[in-house]
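Positions are given from 1, in the same order as the sequence printed here. Please read these numbers as outputs of a predicted model, since none were measured by experiment. First listed ligand is number 1; within each ligand, the first listed atom is number 1.
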Amino acid sequence: MSKDIKRIAVFTSGGDAPGMNAAIRAVVRTGTFHDLHIFGIYRGYQGMINGDIRRLETKDVGNIIHRGGTILKTARCDEFRTVEGRKLAYESLIAHDIDACIAIGGNGTFTGAKIFSEEYEIPFIGLPGTIDNDLYGTDYTIGFDTAINTAVEAVDKIRDTADSHNRLFFVEVMGRHAGFIALNTGIGSGASNIMIPETDTTIDDLIQQLKIGAKRQKMFSLVIVAEGNKNGGAMEIAQKVKERFDYYDTKVTIIGHLQRGGSPTCMDRVLSSRLGHSAVEALLDGRRNIMVGLHQEKINFVSFDDAINKHKPLNQVLIRMAEVLAL
Ligand code: F6P
C-alpha cells in the first residue's frame, strides 16, 4: 500500500441519504486503523470553500451508525460551479494539508469532484449517496433501501384507508429522473399501476387499466407515481384521470422528504460501511478519481466519467412482472 496519503477529508453533498453517517464512520475508523488523519468538511462544497474543516477521531463517529441525515451536514453549492469558488476550495484544502478527499453524494457531487480533480492535484474518491439509486456502477446507492422501506410502510397505511373508503390513491414518491424508488415501492406495496419516467404509459393507458380493474369490481386502487414522470406529478395525473374517470373517489398523497430521513436499514448500514471502508483502502492502493460501488456483491470501481454519464437502466423484468402481478 502506498503511504503517500496521510490526511483525508470526507464530506457529504447534495441531498442527504440515510446511511451517510455509517459511511462517514467507516471512513474515520478505517483511516484511523491505517494511522491516517481524517477530517470532516461541513456542508459539502460550501464548507470546503469556507474552510469549515475539522479533525474527526474515532470517538466523534460513535453512536451515529443508526442515525439518518448526515452529521457533516450537506448543501447544494452553486459557488463550487465557478472557477473562483473551486480556487477558494483548493486553498482551504491546502491550508489544512489535505492529501485526498472522499465525497459522498450523487451525480452533481461527482461532477464537481471530476472538474476539481482535473484542475488541481488532489485526488477524490466518490461514494454513491442518494436515495434515487440512479448511479451507474453500483447496484445500490446509500439510502435507497431505507427510502423504499419508508415508502412501502407509508403505502401500506394508505392501503388500509383506501380499502375502507373504496378510493383511488395516487402516491407520489421521489425520483426526479429515475423510477427505481417508484418501481420497487410499487412492487413491494402491491400497487395497481406504477408511473415511471422510463416507460411511456399515457393517461389513456392508465384510465384503460383502471377501468379493467373497476369492471372486475376492484374496490380500491393504488397508483405509485415517480415525481419525474412524463405525465406530471401525482397531483396532475390525478386531476387528469378524475376528469375522465370518476368511478372512484380520488385522493393524492405526496410522501416527499419523509423518504429522505429516518434510521437507515441494516442493508444501508452494511452497504455504507463497506463503501466507506473500501474508499480509504482504494486511496491507499493508489486509486484516484473514481466512484466506489457495489456490483453483484463485490466492490466495484468506476471512473467519475462513467458514474456521471452512463445510464443505469431499470430492470425490464421487474417492470413486466409488476404489470403481471397487478392484473
Ligand atoms: O436526489 C435525491 C432527491 O431526493 C430527489 O429524489 C429529489 O427530487 C430531490 O433530491 C429533492 O431535493 P431537495 O431536497 O433539494 O428539494
Less than 4.0 angstrom from a charged side-chain N to a carboxylate O is my criterion; do [X] and [Y] meet it?
X	Y	answer
Arg159	Asp156	no
Glu121	Arg288	no
Arg7	Asp99	no

Test ring-ring contact (aromatic ring centres under 6.0 Å, His included) on Phe110 and Phe124; report intermediate values, then the result. CA-CA 9 Å; Phe110 298 160; Phe124 272 66; 9.9 Å; no
Looking at [atom], what's its closest protein heavy atom, distance included?
atom	answer
atom 15 (O) of ligand 1	Arg76 NE, 2.9 Å
atom 14 (O) of ligand 1	His257 NE2, 2.8 Å
atom 1 (O) of ligand 1	Asp132 OD2, 3.0 Å

Would you mind listing which atoms of ligand 1 come within a distance below 4.0 Å of any non-hydrogen atom of Gly175? 6 (O)
Counting each atom of ligand 1 from 1 as listed, which ones have a heavy atom of Glu227 under 4.0 Å away? 5 (C), 6 (O), 7 (C), 8 (O)
Among Asp139, Thr138, Asn133, which residue satisfies the side chain to side chain donor-acceptor pair (under 3.5 Å) criterion with Lys312? Asn133
Under 4.0 Å, heavy atoms only, figure out whether ligand 1 is touched by the backbone of Arg260, its side chain, both or neither. side chain
